[in-house]
Amino acid sequence: MKTIEEIKAAIEAAVPGAGVEVVVNPSPCAQHSLRLDPDSALAVARFLRDDPELALDFLSNVTGVDWPDREISEKVKVARTVAKTVDGVEQQVEETVDEIRKRVEPGCLEAVYHLYSVVRKHGPVVIRMRTGNRTDRVELPSLTPVWRSGEFQEREIFDLFGIVFNGHPDLRRILMWDNFKDHPMRRDYVEPDDYEYEPTAHDAVLAKAQAHRAAAQAGAKGQEGAGAAQ
Amino acid sequence: MFGEGILKGLAETAKNFFGSYVSADRLTTVEYPEKRLEPIEAARVFPFLVYDGGDWQAGLRCVACQICEKECPPKCIYIEKSKDKKPDAVGKMQFYPTRFDIDVSVCMSCQICVEVCPFDAIKMDKLFELATDDRFGGLILDRGMLAKSNQYFHGIHPTEAAEVDARLTAERAKSAAKAGAPAAKDAGRPQPPPPGEK
Amino acid sequence: MASSPYFSLAVLFLAALAFGLTPLALAWLWARFFSPPKPSLVKNSIYECGLESKGDAWMQFHSAYYLYAIIFLIFDVEAVFLLPFAVAFTGLGVAACVAMLVFVLLLIEGLAWAWAKGVLTWA
Amino acid sequence: MAVDQDLKIELGKQGVFITTLQELYNWGRRNSVWPMQFGLACCAIEMIATTMARYDLARFGAEVFRPSPRQADMMIISGTVTKKMAPQVVRLYNQMAEPRYVIAMGACAISGGPFKQGYNVLKGIDRYIPVDVHIPGCPPRPEALLQAFITLQKKIDAQPLTGPGRPRFLDAAAQGEFPVPVPGEHDLEPAFNQGVWPLPVLQPGKKD
Amino acid sequence: MIDHPIVYQADQIFVLLKHWLIGQLPSSVQPAAGVLLSVVVIICLFPALFAVTTIIERKGLGRMQNRLGPNRTGPFGILQPIADGIKSLTKEDIVPTSADGVVHFLAPVLLVVVVFMGFAVLPMGRNMALTDMDAGLLFFFAIGASTELSVFMAGWSSRNKYSLLGAMRAVAQMISYEVPLLLSSVAVVMITGSLSLNKIVEAQNHYTWGLPHWYIFTPWGLAGFLIFCIAATAETNRSPFDLPEGESELVAGYHTEYSGFKFALFFLGEYVGMFSISGLGATLFLGGWSAPLQILNFIPSWFWFFSKLMAAICVFIWMRGTFPRLRQDQLMNFAWKFCLPLVLTNLFVTALWRFLGEGWLRWALCTAILVVVYVAMARAEMRSGHFGSRRYRYAE
Amino acid sequence: MTASFKSPAEPKLNNLDLAPSSEPGISGDLLEVAMGPHHPSTHGVFRMDIVLDGERVIRLKPVFGYLHRNHEKIAENITYIASMPYTDRLDYICSLTNNWAYALAVEKLVGLEVPERAEYLRIILGELTRFQNHASTIGFLIQEMGASGTPLMYAFREREKILDLFESLTGSRMMCNYMRFGGCRVDPSAEWLDQVRKVVAGLPAFTDEIDRLLTSNEILMARTQGIGILPPDLAVNAGITGPMLRASGVNYDIRKIDSYGIYNRFTFRVPLGERGDVYDRYMIRLLEMRESIRILEQALKNVPGGPIVDPKSKIRGFRPKPGEAYGRIEAPKGELGFYLISDGGPNPYRYRVRPPSLVNLTILEDMCLGAAVADVVIIFGSVDIVLGEVDR
């Protein structure tokens, strides 16, 4: 089988303007992957399937990964002008100071596809796509038109992660019920308040349960669904 | 093709029907409450706590290290560690659990608590007849219900119990020889490697 | 009157009816005195695999069922015609049998036609 | 005094009659518990194994697995009840004809078991319907189901036909239907059925 | 041998008993009492037999499946049916709100009435038929056809989708198999020359070299018997033709919405129907109450009748333990495209049998025709169904 | 590659609006029926919303999630080893192959070596699991065809023997929790291996019995042949794996392709179907059972001694370096894969199960359209799913 770089080159040769990026996997199995640009992903996927040398006709696994917003603190050298008293004289001095800046790296949702070839009996080739963010730009092209096996798996990602797959023939919730609102596989999903969450019905739990009951009776409404995950 | 398949099938069931009167292979029923299957030594159902000697409160091997509580996948173990130390079976001062509950209505019988226990204190029982109509009273086993003697352990898992005993005696002998006087000092430290990690 | 076969049939009919109704009456009595029935909305709704039933089951059904019924009717009538013939068969000559044969063949032709037209293919 | 004596005898006769009837009734019910053909998860396989040759639930007269709830007497909740499934389970239970029994088989059915931490897992079916026998285990061995079945038989045997201790279905005033929960936007509504799921009582004496 | 007084008395024990009993009554009510007594016996006997059969079935199936079957209720589990009966009797009766209550109630009752009526004409031993009707066979079929009605009533009135599908299946299946059932017995009528079941038995109650003249021992009789068996299985909705209640597809088919004793009545009706149709099959082809060998004539005739009946029931159970179920279209095809042509051929063969007279020729000719037609039909059936055994290849 | 296999075309996606064209007058009203979640033959809690015209299926929508137990979410909150017993409960008929797949994925993630003895044990247990899975699948399939349980009883009779082996080795009948990262948990005794040999020697008798009871039965042939046909190109495109794919004539067996474990040391054949109908799926399973016996016989001849677990492996404090891995095996139902992302912590960052049962259901509607209700049940049965794995 071709190496990941060769595949990348082949894709770029075949699909002009395709944004492909190699993602290196440091683990011993070295299953490196290709990150596709969502805009050209469908064309790339068609190429991967139809190219006689690659012939990746079998989409084995599709899954979503949630990368939440991360708070990154980094040291930045900042140049600034400070009013300083040097030798009794006030001066404007330029100096560089280390400043710890916190910024929020926007998270994203990712869809990962594992491809194999039944004809050529090789694989896996891993491709992945990222959404713009986790809230409003959660759309990706559906690869179900290329590989039918994505149908239920993409539906599952839609259900549990909330990635909207454009071009999917039947994008409905698959595992949760239809009027369920949250996406429970996201890492910031909060469970509905359930007083018996704790494993065993110990005294502490029972006390918690009683507190919960008291709160419910006191008219604290809407407690059941306090954990909307959005 | 003109009905032989059907006749062959009928012959097969007839063979089993008549065979059930003559051959044990064709009548495999074990009439449960009266007769039981041959016990399988490795069988595991729910955990129990092993104690040495005659008094379960004194002889409990558990030192409330709470590893099993942390490692338990469904989190069905609940332990409260004692504030003070008590002498264990060989006289070392140890912490002990003031409370050790297992909710068998949650336990998944995975045996991970046994694997991670450095003290051979928790083992798997074979008792499965726990059906009850009492949801909260019958299914949360406390220390007293969990504690079972080493003899009982020998009774249900003879091979494993013999291994454990041999290992424990060796270790105790070693630590007694090595330490001599300050035996109580390193009592709380887990010494033997967990059996699953050898 | 009692020696008439129809008298026996009537008695059998009544007895069978009584046999069917008695346990139902007993069950009703039991429910009346001990185990009160508790009909309710969910309990007395139609069973549909644990879901709420959607749509009505009383609906227009596929015509294939009725075609079979018509063919059945023909053959049942044929059988009724055949029975007197069969009873008299031991005393009949070849000519009478041939006449019956023609009748049966006509019916077989009908069957063959229906077969060829695909009426006998279950849709 | 004489009247009293007569009355006593009369009552005694009636009592004998009732007792005999009760024994007969309980004997009949106990020996003909037809389970509903209903499996949820892993435990269902052990439930099937229980009906198979080696364990043979049929010996107790209980092999007549009825697919329709109308004809079944017992519901073996064999496996995880998810929040998506719970309304169906409750509805099926409601659609069963009285007398009906419930066996919660396995950890998941009792409490959610190992999957208790899951967002879609109901933490015990006894929040919505009354459960007669609980069998711990994950999954319980087939013998454990047999033992639970025998426990249920004993329980049936002890039920009086009349009087205040009589079971729910013999009491005209008792609840006959249990509300079916509705899947809401985040969770099932309500989270439990009042009257079925009493808050577990704190047991102060439990700290041995 | 039947002339021997002890043998005769053993044979006629029930008849004599009945005569003795009604002899105690004033002569004006004697005929009516006689009928009543016979009816009561029928009404009690067959449900009792039903109880026995359920336990035989459950234990027999168990044995076929390497297990014991019910054995704890009473000694060897023989009280199991009684427990089931008590349970059904005391179970809550549910009628769906949207169902047609009257029809829902009538369906099981009708079924029970209809299946019992069939016994009116069955001779269960020498001189042991309730009525000796001239058109007994016709009556049997006429009344038997009403079971379809009750099944349809049950399915339709429940207003349940599975029930409705089950009912539609039941009607389609039962009317389809009614035709081969009827035509296969026409052959018997042709040879016997009577519709009276008593006469049909009498006609078979002769022996040559100690062997009986049962119709099953003729080519047309065997073919007729086999078709009769198939059609009878379908008529009684037994496996492999149990589509109307097809558990794996239609939950419980037409009786999905029935609970308590109404359901038990369906159960009972099915089994009693099985008894009556097995009895008819035994009467038509297996010599009714006649002994299988002349030297066995000393055993009472009723014993033979009931042995044949129970043997048939055992075959039903055996088939149930072995076969998967057919599909609706295959079932219908089998009735119309296989059984019907075959049974019509059988009618011709029967006529031929009579006209060819005694001798080996008619044996050879009749057998040959039937075998040829059977093989041709089977091949056609297989070709149209596109099935056959296959070979498989392997990749290394 | 087989001759009949073409390069995949663009998949046909079913038209989803519910508008069947029906000739007026000849057909009746359409009947919408829900089969499941409580239905005798949906293997638990699966639901199919079916639209019927008479008895013919014109629309079928599978509905899942009634057993969605949040396996993946739970696994992301517990340690790597703690997920092992949870994998038992995925496909709860074949816990050992699930263990194996998960162990394989972690071994790929971390780079652990499996000792030879452990590899042999894995193969022995894996093939026993495959045998009992196929046996019970056949039993359930025939049950769905309306047999009153006899083949299922026979299958479970053999299954009990195999479960006894599992229990005496691992301690549990069904939830074995036996594999460990880089090996196995308990070292079997020589007596246990003898016991396995004895059981394996008895297995051919069972396959022969099933063969006699069913294979040439005309009713079974009539019911299953030509029903639920799955063309090979669609099968590959829809990601179908396992016996179902091979029944369609595609030679793809991960035991041969990846030769994970030490499968390349054993000689066994891959049976291939020709038409891809229900009968082929039944037969492929039966033939695979025979091949499993062959593998077992070879494996049991020389089980080497030695350790059973990689010394680098540990239970507590197991923290793989950041990275990801996808490991897959040929589970009895098809390709079972585990996709793990590690962020260096004690819990997997992302834990994904690639369930063969779910993906194999993708083409359920395609296979069922135009079939009768009774066929739907057996087509569904021939797919061989376990809800624990479909919904996880």
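Naming convention: chains lettered A, B, ... in sequence-line order (proteins, then strands); numbering from 1 in each chain. Quick caveat, the model's predicted, so the values are computed rather than measured.
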Visitor: Is Arg99(B) paired with Asp142(B) through a side-chain N to carboxylate O contact shorter than 4.0 Å?
Guide: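 The answer is no: the pair does not qualify as a salt bridge.
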Visitor: Counting only non-hydrogen atoms closer than 4.5 Å, can you tell me which residues of residues 32-39 of chain D sit against chain B?
Guide: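 Within residues 32-39 of chain D, no residue comes under 4.5 Å of chain B, counting heavy atoms only.
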Visitor: Tell me yes or no: between the side chains of Asn26(D) and Arg29(D), is some donor less than 3.5 Å from an acceptor?
Guide: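 Yes, Arg29(D) and Asn26(D) have a side-chain donor paired with an acceptor closer than 3.5 Å.
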Visitor: Cut-off 3.5 Å, side chains only: do Ser23(B) and Asp25(B) have a donor facing an acceptor?
Guide: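 No.
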Visitor: Tell me, for Leu130(B) versus chain D, whether the close heavy atoms (under 4.5 Å) come from the side chain, the backbone, both or neither.
Guide: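 It is both, since atoms from each part get that close.
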Visitor: So, Asn94(D) side chain and Phe178(D) main chain: donor-acceptor pair closer than 3.5 Å or not?
Guide: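 It does hold such a pair.
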Visitor: Tell me, out of Ile110(D), Leu145(D), Ile135(D), who's got the most heavy-atom pairs with chain B below 4.5 Å.
Guide: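 Max contact count across the listed options: Ile110(D).
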Visitor: Given 3.5 Å as the limit, does a donor-acceptor pair link the side chain of Glu69(B) with the main chain of Ile79(B), or not?
Guide: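 Confirmed, Glu69(B) side chain pairs with Ile79(B) backbone.
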Visitor: Look at the side chain of Lys75(B) and the backbone N and O of Lys70(B), then say whether any donor-acceptor pair between them is shorter than 3.5 Å.
Guide: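 At least one qualifying donor-acceptor pair exists.
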Visitor: With a 4.5 angstrom heavy-atom cut-off, could you sort out which part of Phe46(B) is near chain D: side chain, backbone, both or neither?
Guide: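 For Phe46(B), side-chain heavy atoms alone lie under 4.5 Å from chain D.
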Visitor: Do you know which of Ala144(D), Gly137(D), Ala53(D), Ala148(D) has the most heavy-atom pairs with chain B at a distance under 4.5 angstrom?
Guide: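 The option with the most such pairs is Ala53(D).
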Visitor: Taking Lys86(B)'s backbone N and O only, do any of them form a donor-acceptor pair with Gln94(B)'s side chain (distance below 3.5 Å, no angle check)?
Guide: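 Side chain of Gln94(B) to backbone of Lys86(B), a donor-acceptor pair under 3.5 Å: no, none is there.
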Visitor: Is a side-chain donor-acceptor pair under 3.5 Å present for Gln117(D) with Tyr119(D)?
Guide: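 There is no such pair between these side chains.
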Visitor: Residue by residue, which of residues 146-159 of chain B have a heavy atom closer than 4.5 Å to a heavy atom belonging to chain D?
Guide: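 From residues 146-159 of chain B, none sit under 4.5 Å of chain D.
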Visitor: Shorter than 4.5 Å, heavy atoms on both sides: which option in Leu139(B), Thr29(B), Thr28(B), Leu27(B) has the most such pairs with chain D?
Guide: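 Highest number of heavy-atom pairs under 4.5 Å: Thr29(B).
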Visitor: Measure from NZ or CZ of Arg143(B) to the centre of the six-membered ring of Phe100(B) and say whether it is under 6.0 Å with the direction within 45° of the ring axis.
Guide: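 The answer is no; the distance or angle limit is not met.
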